[in-house]
Structures are given as C-alpha cells and as structure tokens.
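For the numbers below, each heavy atom of this structure counts, side chains included, while hydrogens, waters and symmetry mates do not.
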Amino acid sequence: MKGFVVYPTYRIINDKAYVYLYGRLENGESFLTKNHFRPYFYIKEKDLKKAQKVDKFDFEKVDLKNFDNEKTVKIILNIPKDLSELRKKLSEKEIICYESDIKFPLRFMMDYGIKGTLEIKGEFEKGETDRVYNEPTIESAEWSPKLKVLAIDIETDRNAKEVYAISMVTEGFSKVIIRSDKQLNNAISVGSERALLEIFKEKIKEIDPDIITGWNVIDFDFEVLRKRFEAYNINYDLGRNNEACKIKIQESFFRDSTANFQGRVILDGIMLMKISFVKLNDYKLDTAAHELLGEHKLIGSNNKGEEIEDAFKNKPQKLVDYNLKDSELVIQILEKTGVLGLTIQRSLLTGIQIDKVKGSIAAFDSLYLRELRKKGYVAPSATYGNREERIKGGYVMTSKPGIYDYVIVCDFKSLYPSIIRTFNIDPFTFVPNCKGKNLIKAPNGACFRKEKGILSEMIEKLWKARDEIKKKKDATGSYAIKVVMNSMFGVMANPVFRFHSIDMANAITYFGQHLIKLTSEKIEEKGYEVIYGDTDSVFINLNVENEKEADKIGKEIQDNINLFMTAHIEKTYGVQSFLELEFEKNYSRFLMPKIRGSEEGSKKRYAGLIIKNGKEKMDFVGLEFVRKDWTDLAKKFQLELFEKIFRKEEVSDYVRNFVKELKKGKYDDLMIYRKSIRKNLAEYTKMTPPHVKAARMLKEIKSNVIEYYITINGPEPLELLKSKIDYEHYIEKQIKPIADTVLTFYEIGFDDIIAESSQKTLFGF
C-alpha cells in the first residue's frame with residue numbers, strides 16, 4: 001500500500017528507539033508505521049581505539065570515506081540522547097564526528113530512500129490511526145498524495161478571553177460550532193463554551209485531517225484555544241495520539257510561531273503565501289480574498305470586535321455566516337493560488353516535512369547526503385560559523401538612461417544552476433589548494449575537479465524532471481523544481497551549512513559576472529547596443545522599426561550566443577556547456593530612468609510596453625508601481641502617465657487634472673501608506689520613520705504592516721485618522737518624483753507643467 005508521510009517522529013520504548021511515520025494512504029485511510037531503528041554517526045577508523053577509551057558503543061566497519069579519503073567506522077547507539085552525549089564527549093577529545101547532527105527520523109527516511117511517499121508491506125491493526133503497522137517492510141515509492149485538509153477559524157470577544165464560535169471546513173463537512181440556543185443554518189448549536197471545545201475536539205478526531213490550516217491560525221486561533229482548553233482542564237490533544245499539542249509563539253514578527261500536533265501538520269495560510277512568493281499589499285485575509293478571489297469578509301475591520309459581539313448576542317446566524325465564510329475563503333485561496341500543492345511538491349522533491357520545506361539547508365542536506373552515500377562518502381557534521389565576508393553579487397551594469405523603441409531582453413535560463421552543472425561546482429569536487437591536474441579554475445580562483453559532482457547530477461535530474469513536468473503542463477510541479485534548484489546556490493554562503501564555503505559560492509557569482517560581460521561584448525560586436533545587464537539578463541537596443549524585425553534579431557542573437565558559448569567553454573575549460581540564452585521578451589517602448597538628481601542610469605528599475613502574442617501590456621520592474629511602500633495613488637498616476645507617454649499621447653492636461661482632482665479629495669482612499677516594521681518599536685532610537693510614529697499611536701499592533709496617512713499634523717494610523725490629509729506632501733513626495741522620472745527626457749519638469757500660467761506640452765500639440 002502506497003502512502004505519504006505527513007509527520008515523522010520517534011518514541012523511546014524500553015530503552016529502544018522506534019521511528020513513527022504518520023500519514024495518508026492511497027486508499028484514503030490514515031496510517032502509522034513503527035520501526036525499530038538505532039541512531040548512528042561516523043568517525044575516522046584511525047580514531048576508533050581512542051574513542052573506545054571515552055565510552056562504550058557498538059561499531060561497524062563500513063566501506064565509506066571522508067573527503068580526505070580516510071576510512072571511517074559507523075558508531076551505533078541505542079537512542080538519540082546517547083548519540084548527542086557521545087558526540088559531545090568525543091568532540092572534547094578532538095575526535096571528529098561525521099553526520100552526527102542529522103535528525104533521527106530524517107536519518108531513517110534517508111536510509112530507506114523515502115522522500116515523502118513510500119510503499120508499506122505488512123500486517124496492521126486499528127489504533128491511533130486507521131491502520132497501525134508494527135515493523136512493516138517499507139521502501140520508496142512514486143505517488144501523488146491526496147491529503148485531508150481542514151480549515152478552522154474562531155470568533156471571540158474583543159479581548160480573546162471567550163470563544164463564541166469555531167468554523168470547520170473540509171471536503172464533505174462545513175459547519176460552525178456556536179454557543180447558541182437557536183437552530184441555525186450550517187451550525188451545531190451548543191449550550192456552553194466547554195461543550196463547544198469538547199465538540200470541536202471530537203470533530204477533529206472524527207475528521208482526522210492531515211493538515212489543519214487557517215489565517216494566523218497558530219498565533220491566534222490555536223493559542224486562544226490552548227488557553228481555553230486549559231481553563232476548563234480539558235486535554236489539549238488534537239493530534240493523532242493522546243499527547244498534548246505544543247504551541248511556540250514568537251513575539252517577534254520576524255520569526256514564525258510553530259505548532260506541534262502529533263501526527264498532523266499545522267500550516268498557516270499566511271506562511272504558505274509567503275514561502276510560495278505570492279505577493280499581496282498586505283497579508284490580511286480580507287486583502288488576500290479581495291486580490292485573489294474578488295471577495296471580502298462579511299464583517300469589515302471597522303468596529304469589528306463590537307460587531308462580532310453584537311452578532312453573538314443578537315444575530316447568531318450572522319456570526320455563523322461570517323465565521324464559516326472565513327474558513328471557506330482560506331480553502332478557496334489555497335486552491336486558487338496552488339500554494340498547498342506547491343508545498344507538497346517541494347516536500348516530495350526534497351524529503352523534508354511539509355511544514356519545514358522553506359528550509360533550503362535542510363532540503364539540500366536531504367538530497368545531497370543521499371547521493372553522497374551512493375558514492376561511498378560521509379559528510380562533515382554541521383557546525384555554526386560566523387559570516388566572515390559577504391558573497392559577491394551578480395553583475396549589474398550601469399544602465400544607459402533613455403526612452404527607446406524596440407528593446408529586447410535575453411536571459412540565461414536558470415543561470416546559477418547551469419553554472420553549477422557546467423563548471424562542476426560542488427563540495428565533493430572542490431579543491432581548496434588548487435593542487436592537482438584536470439581542474440576547472442573559476443574567475444575567483446576556486447578550483448574544482450572535472451570529475452562529475454553530486455550537485456551537478458542532482459541538478460541534471462531535477463532539470464529532466466522539470467522538462468517532463470512541463471510537457472504535462474503541471475505549472476505547480478515545474479515551479480517547485482525551479483525553487484529547489486535555485487536554492488542550491490544560496491546555502492553555500494550560509495555559515496550554518498555543513499559545506500559552508502565563500503569560495504564555492506563566489507565561484508558561481510564570479511562565473512555569472514564573467515558570462516554576462518562576455519555575452520554583452522559579443523552582442524555589441526554584432527553592432528547592437530547593450531543598454532543594461534542584470535545578473536542573468538542583457539537588454540539590447542536594436543534601432544529597428546517594427547516588432548517582426550525585433551523578434552527576428554532576438555532569435556538570431558539567442559542562437560549565435562549559444563553557439564559561441566558551447567565552443568568557448570569547450571575550448572577554455574574542456575567541459576560541456578549547459579548554459580542556454582533565451583530571447584525572452586520584446587518591448588515596443590522602453591524606459592530606463594536616471595538616478596534621481598543625477599545623469600547616471602539607475603539599476604533594477606525600468607518600465608516598458610511589452611509585446612506578447614501581438615498585444616502590448618505595461619511591465620514595471622523596481623519602480624513605484626510594484627513597490628509596497630508607495631501608495632496606490634502613486635501607482636495609479638505612474639501607470640496612466642507612462643501608458644500615455646509610451647503611446648506618444650499628450651500628457652500635460654492629464655497631469656494638471658490629476659493634481660486638481662487630488663486636491664479636491666477624489667483620491668483620498670488611494671493615499672494610504674503601507675510599511676512593514678522591521679524590528680521591535682523600542683529598537684527605533686536613532687531615527688523614527690513615519691510608519692513607526694504611526695504605529696506608536698496604536699493601542700495594539702496586529703500586523704507588522706502599518707497603514708497610515710500623512711496629515712498636516714504628521715503621520716496618523718488609518719484606524720485613528722483625525723487630521724486633514726496633507727495633499728502637498730503627496731504631490732511633492734509621490735506625484736512629482738514619478739512625473740520627473742520620465743519628463744526629464746523631454747527637457748520639461750513637473751513644476752513647469754502644473755504652473756498656473758503653463759501651456760507647456762511634451763509633443764507640441
């Protein structure tokens with residue numbers, strides 16, 4: 001029977017360690033496997049006698065070596081605690097331990113080749129799950145799991161001291177448990193808070209979800225529930241056994257709180273959006289629902305607490321509808337964005353538990369150590385180190401500012417993974433002293449053996465898998481592989497990474513810089529002007545008259561550079577090139593702005609009319625339109641102004657009218673600033689930015705994103721706005737800079753246009 005591991009853990013029974021794997025079977029039943037397993041690590045064979053004088057342990061001779069090609073032996077203990085104690089003793093005697101930091105359940109899964117799905121063979125019985133297997137035979141398997149997901153949401157009094165209702169939405173069940181003496185639609189009415197909690201717990205056990213989700217579900221819902229369960233002396237055991245659920249709340253906005261429910265995974269909807277790179281103005285449920293679904297919560301944020309209390313006392317059906325809608329919105333958002341499917345795919349790719357997939361080091365370890373073992377090597381244990389120097393970034397060319405017709409962009413497909421694969425950059429092939437023959441020398445001086453590396457093979461497998469998935473038009477699976485591949489570069493510069501090496505990380509970025517510069521040179525040799533380059537892309541001004549001609553040249557440049565790179569890399573480094581330049585897009589009109597107050601071109605900031613399938617659409621990068629800390633007013637003005645200029649329409653009257661309407665209050669609802677707090681308010685001592693001033697006016701801060709206006713009396717939070725809006729501030733700080741970004745190329749300024757007697761125009765009509 002195939003299954004998917006939702007929650008790996010272990011138990012100590014009679015001084016023996018048993019790995020417990022909880023999950024969901026292909027027949028829809030939940031399962032638990034229990035297998036005896038002994039923890040282990042490695043030391044050098046030559047250190048064995050010295051280690052035996054330190055403590056007692058079992059050992060086994062193995063055909064495995066460290067990176068210095070020294071033989072190792074396997075040190076075997078009974079329980080994980082024994083391992084950590086022995087490791088400490090050996091370290092004190094300067095005996096190096098290898099792979100001694102790998103978490104016990106993950107070690108078990110790695111040894112059995114399990115990344116997420118598995119095949120289970122053996123007898124089973126009914127227990128804490130539908131099927132409990134004792135000492136089954138398990139092995140890896142391929143299967144796309146269908147997990148049981150439950151969304152919950154609680155409603156409380158204003159002080160979160162009393163629970164009024166709990167909604168629960170999953171496939172086949174959609175109800176609100178509410179304290180009420182009335183018969184209500186879509187509800188289970190109960191007489192007390194204790195009864196509400198007990199029925200909620202009963203329904204959790206009955207539904208038996210693999211994943212419980214919600215919006216801010218750990219910090220609020222489950223933390224409030226924990227306190228209420230405790231108040232009534234009810235066991236807070238909502239997992240798949242009788243152990244109490246553990247909640248760890250992080251007071252800082254910059255760390256995620258965690259929930260440990262035995263056998264289940266708690267995934268906060270906000271966290272899922274962030275790790276899947278879904279960008280929103282803010283991460284409130286109402287914002288996400290509006291931006292992604294075109295819907296809203298049934299009760300708004302104004303006087304929300306008062307309205308909920310009134311609904312509980314006088315209009316319970318309203319509270320039921322509101323509460324149920326919140327859970328339904330969460331499910332719909334997860335389905336619409338595909339973030340849950342993406343998270344499961346990342347788990348399947350890496351072998352990392354669903355709620356931990358964002359950890360790129362853990363993902364790398366899980367993949368790399370499996371392959372390292374196949375080659376007959378063991379890895380060093382991870383140790384914490386200080387970041388002594390920063391990694392070198394990608395090459396960003398100083399741009400040539402201007403407004404252009406027909407600019408094309410060519411970029412290297414997955415540049416850093418391609419560099420790793422082409423030049424064999426890998427901890428296994430890295431030669432610190434550059435001694436030896438048949439080496440590849442990176443532009444930063446780091447050397448690597450030409451022997452095919454593990455990382456190169458991993459990327460090759462992922463690349464092939466992505467190509468296959470693309471053929472099936474599985475966008476979620478393709479994106480999951482892309483995320484995993486791209487994460488493999490960054491881990492090398494992280495001091496907690498077991499193979500931490502600035503030299504290796506810089507080898508990748510230095511190669512990237514070299515290749516982009518070389519590409520630019522070759523394109524300019526063909527007579528075209530490179531106006532900008534950024535990490536993996538080049539922007540080329542073609543000086544042509546139409547889209548067809550631009551497309552033709554774009555494909556020629558793509559093909560010529562790829563032929564050149566193949567020959568150049570073979571000749572220079574003696575290896576096969578996996579680099580691939582793609583003609584990515586074509587702008588019919590393109591703006592590369594200047595740095596404000598300078599004639600120098602900006603970096604990572606541009607806009608244009610992009611041509612796709614014969615149609616044009618606006619594309620902004622790095623400009624105010626795509627920045628969260630600029631108002632919607634600025635974004636509206638920039639979009640409309642740039643569209644007019646790119647289409648060579650007169651804009652003077654538009655600018656004047658926009659300013660007049662702004663002063664009349666037409667755009668007041670677009671003037672809200674949204675800015676994130678990056679540290680605790682008390683830590684802002686040297687400077688107090690406007691959003692911090694606004695935040696300090698609030699009695700309670702519910703989000704790290706502060707919404708505020710600039711008024712004639714300074715910044716004021718949206719919730720406490722009492723002063724008049726400072727329109728001149730918005731004109732000077734939001735509208736004028738955007739206008740001058742583009743007007744400067746026509747030798748006219750914003751002030752010239754809005755002057756009372758001005759008749760100035762851009763195009764003379």
**OP:** Take the angle between the ring planes of Phe497 and Phe364 and call it parallel below 30°, perpendicular above 60°, tilted in between.
**Re:**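 Geometry flag for Phe364 against Phe497: perpendicular rings.
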
Original post:
Parallel, tilted or perpendicular: which describes the rings of Phe222 and Phe200, with under 30° parallel and over 60° perpendicular?
Top reply: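 Correct class here is tilted.
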
Show the nearest heavy-atom pair for residues [X] and [Y], with the distance to one decimal.
| X | Y | answer |
| --- | --- | --- |
| Lys413 | Ser418 | O-OG, 3.0 Å |
| Ile333 | Ala288 | CD1-CB, 3.8 Å |
| Ile249 | Ser257 | CA-OG, 3.4 Å |
| Asp101 | Ser381 | OD1-CA, 3.5 Å |
| Asp268 | Val217 | OD2-N, 2.7 Å |
| Ser100 | Arg87 | O-NH1, 2.5 Å |

Decide if the gap between the ring center of [X] and the ring center of [Y] is smaller than 6.0 angstrom.
| X | Y | answer |
| --- | --- | --- |
| Tyr98 | Tyr42 | no |
| Tyr10 | Tyr20 | no |
| Phe37 | Phe104 | yes |

Judged by modelled atom types alone, do [X] and [Y] share a side-chain donor-acceptor pair under 3.5 Å?
| X | Y | value |
| --- | --- | --- |
| Thr72 | Asn66 | no |
| Tyr7 | Gln262 | yes |
| Tyr368 | Arg370 | no |
| Ser167 | Ser327 | yes |

Original post:
Cationic tip of Arg131 within the cone over Phe124's six-membered ring, i.e. under 6.0 Å and within 45° of the normal?
Top reply: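 Ring-cation test returns yes.
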
Original post:
Between Tyr283 and Lys274, is there a cation-pi geometry (under 6.0 Å to ring centre, at most 45° from the normal)?
Top reply: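 Yes - Lys274 lies over the ring of Tyr283, closer than 6.0 Å to its centre and within 45° of its axis.
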
Side-chain contact, heavy-atom cut-off 4.5 Å: [X] with [Y]?
| X | Y | value |
| --- | --- | --- |
| Asn241 | Arg11 | yes |
| Phe31 | Phe4 | no |
| Leu329 | Lys325 | yes |
| Ile102 | Asp365 | no |
| Lys203 | Phe173 | yes |
| Lys2 | Glu142 | no |
| Val357 | Ile275 | yes |
| Val19 | Pro8 | no |

Between [X] and [Y], is there a donor-acceptor pair closer than 3.5 Å when you use the side chain of the first and the backbone of the second?
| X | Y | result |
| --- | --- | --- |
| Asp326 | Asp153 | no |
| Glu125 | Val132 | no |
| Arg421 | Met458 | no |
| Ser577 | Leu579 | yes |
| Ser478 | Arg466 | no |
| Asp286 | Lys297 | yes |
| Asp237 | Ala244 | no |
| Asn424 | Arg449 | yes |
| Ser456 | Lys452 | no |
| Arg498 | Pro380 | yes |

May I ask you to decide whether [X] forms a salt bridge with [Y], counting only side-chain N to carboxylate O separations under 4.0 Å?
| X | Y | answer |
| --- | --- | --- |
| Glu198 | Lys201 | no |
| Lys205 | Glu202 | no |
| Lys464 | Glu460 | yes |
| Asp467 | Lys471 | no |

Original post:
Glu155: what forms a salt bridge (charged side-chain N to carboxylate O under 4.0 Å, His left out) with it, not counting sequence neighbours?
Top reply: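 Expected list: none.
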
Determine whether more than 12 heavy atoms belonging to other residues, nucleotides or ligands lie under 6.0 Å from atom [atom1] of [X].
| X | atom1 | answer |
| --- | --- | --- |
| Lys103 | NZ | no |
| Glu29 | CD | yes |
| Lys482 | NZ | no |
| Lys375 | NZ | yes |
| Glu123 | CD | no |
| Lys146 | NZ | no |

**OP:** Decide yes or no on side-chain contact (heavy atoms from CB on, under 4.5 Å) for Leu267 and Leu340, but give the supporting numbers first.
**Re:** CA-CA 9 Å; Leu267 293 178; Leu340 184 55; 3.6 Å; yes

Give every donor-acceptor pair under 3.5 Å between a side-chain atom in residues 109-119 and any protein atom, sequence neighbours left out.
{"from": "Asp111", "atom 1": "OD1", "to": "Tyr40", "atom 2": "OH", "distance (Å)": "2.8"}
{"from": "Asp111", "atom 1": "OD2", "to": "Tyr40", "atom 2": "OH", "distance (Å)": "2.6"}
{"from": "Thr117", "atom 1": "OG1", "to": "Ala141", "atom 2": "O", "distance (Å)": "2.4"}
{"from": "Glu119", "atom 1": "OE2", "to": "Met1", "atom 2": "N", "distance (Å)": "3.0"}

**OP:** List the steps, then state whether ring pair (Phe, Tyr, Trp, His ring centres under 6.0 Å) holds for Phe423 with Phe448.
**Re:** CA-CA 8 Å; Phe423 301 108; Phe448 303 87; 9.4 Å; no

Subject >> Test log, rule side-chain contact (heavy atoms from CB on, under 4.5 Å), inputs Val176 and Asn186 >> reply: CA-CA 6 Å; Val176 172; Asn186 302 313; 5.9 Å; no

For [X], side chain to side chain contact (heavy atoms under 4.5 Å, CB included) partners two or more places apart:
| X | value |
| --- | --- |
| Thr287 | Asn281, Asp282, Lys284, Glu291 |
| Asp210 | Val6, Arg24, Leu147, Lys148, Arg240 |
| Asn78 | Arg38, Asp82 |

Original post:
Considering residues at least two apart in sequence or located in another chain, which fulfil the ring-ring contact (aromatic ring centres under 6.0 Å, His included) criterion with Tyr377?
Top reply: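 By the ring-ring contact (aromatic ring centres under 6.0 Å, His included) rule, Tyr377 matches Phe428.
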
Original post:
Please walk me through it: do Leu292 and Leu280 pass side-chain contact (heavy atoms from CB on, under 4.5 Å)?
Top reply: CA-CA 9 Å; Leu292 298 169; Leu280 300 168; 4.2 Å; yes

**OP:** Determine, step by step, whether Ile204 and Met168 satisfy the side-chain contact (heavy atoms from CB on, under 4.5 Å) criterion, reporting the C-alpha distance in whole Å, the side-chain angles of both residues, the deciding distance to 0.1 Å, and the verdict.
**Re:** CA-CA 9 Å; Ile204 290 276; Met168 306 177 73; 4.0 Å; yes

